[in-house]
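First comes the structure, then the notes that go with it.
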Amino acid sequence: MIYGIGTDICDVRRIRASLARHGDRFAHKILSEAEFATWQARSARWPERGIRYLATRFSAKEAFSKAIGLGMVMPMTWRLCEVSKLPSGKPAIVLHGVLKDWFEARHLSAHISVTDETDYAASFCVVETQNP
Ligand SMILES: CC(C)(COP(=O)(O)OP(=O)(O)OC[C@H]1O[C@@H](n2cnc3c(N)ncnc32)[C@H](O)[C@@H]1OP(=O)(O)O)[C@@H](O)C(=O)NCCC(=O)NCCS
């Protein structure tokens, strides 16, 4: 049964501006360790790909925070919510620490979808529960 849904749209230009202002510190605040490594590799090859990667992660995490009904309030934090990729290319939510504990205690599972176009990144998240 559906526990919650969440959506978010992110202006890629704002992400670009924040990166220009704060550099790696901004990416470090938003990304998990694994995401940060991916971001650094992508940015090194092509900075614009790094910006788009960060924008889709930003919107996916906000969409997830809405689907679980918390918003960006503990135990929901940027870095404890990771958006990884399955071998097929499909994104998947991987949680860490207290957020993982909170999520598993409620027997929840998440589905995430992301997209981006020139100036916007958007995400949609569905969270299911096994406990009606
Ligand atoms: C959810 C949140 C991450 C979105 O922030 P944002 O990017 O600035 O705003 P967005 O336009 O993407 O989303 C806003 C919408 O998120 C939704 N939203 C807000 N809190 C939410 C929550 N806890 N769970 C699910 N959805 C929520 C609302 O529909 C809101 O629309 P509204 O302003 O018309 O009511 C942020 O508002 C948040 O962390 N909220 C919870 C913490 C908080 O502020 N609490 C104060 C309560 S008094």
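What you are looking at is a predicted structure, and each value in this text was computed from that prediction instead of being measured. Order of listing sets the numbers, starting from 1, for every ligand and every atom in it.
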Checklist entry - If you look only at pairs with a residue in residues 75-101, which of them pass as a salt bridge (charged side-chain N to carboxylate O under 4.0 Å, His left out), with sequence neighbours excluded? => result Lys100-Glu104
Item to check | Closest non-hydrogen atom pair, Phe36 against His28 | outcome: CE1-N, 3.7 Å
Next on the checklist: Is there a polar contact between ligand 1 and Gly69, counting only N or O atoms under 3.5 Å apart?
Outcome noted: yes
Item to check | N or O pair under 3.5 Å between Glu62 and ligand 1 | outcome: yes
So do the side chains of [X] and [Y] get within less than 4.5 Å of each other, counting heavy atoms only?
X	Y	value
Tyr53	Arg49	no
Trp46	Ile51	no
Lys61	Met72	yes

[X]: numbered ligand 1 atoms lying under 4.0 Å from its heavy atoms:
X	result
Ser65	3 (C)
Asp8	12 (O)
Gly71	1 (C), 22 (C), 23 (N), 38 (C), 39 (O), 41 (C)

Short check: is a protein heavy atom less than 4.0 Å from [atom]?
atom	answer
atom 4 (C) of ligand 1	yes
atom 39 (O) of ligand 1	yes
atom 30 (C) of ligand 1	no
atom 45 (N) of ligand 1	no

Checklist entry - Of the backbone atoms (N, CA, C, O) and the side-chain heavy atoms from C-beta on, which set of Leu70 has a member under 4.0 Å from an atom of ligand 1: side chain, backbone, both, or neither? => result backbone
Checklist entry - Are the side chain of Ser123 and the backbone N or O of Ala60 linked by a donor-acceptor pair below 3.5 Å? => result yes
Checklist outcome for this item: Closest to atom 36 (C) of ligand 1 among protein heavy atoms sits Met72 N, 4.7 Å
Checklist entry - What protein heavy atom sits nearest atom 42 (C) of ligand 1, and how far away is it? => result Val73 CG2, 3.4 Å
Checklist entry - Is the centre of the Phe64 ring less than 6.0 Å from the centre of the Phe103 ring? => result yes
Item to check | Glu33, CD atom: more than 12 neighbouring heavy atoms under 6.0 Å | outcome: no
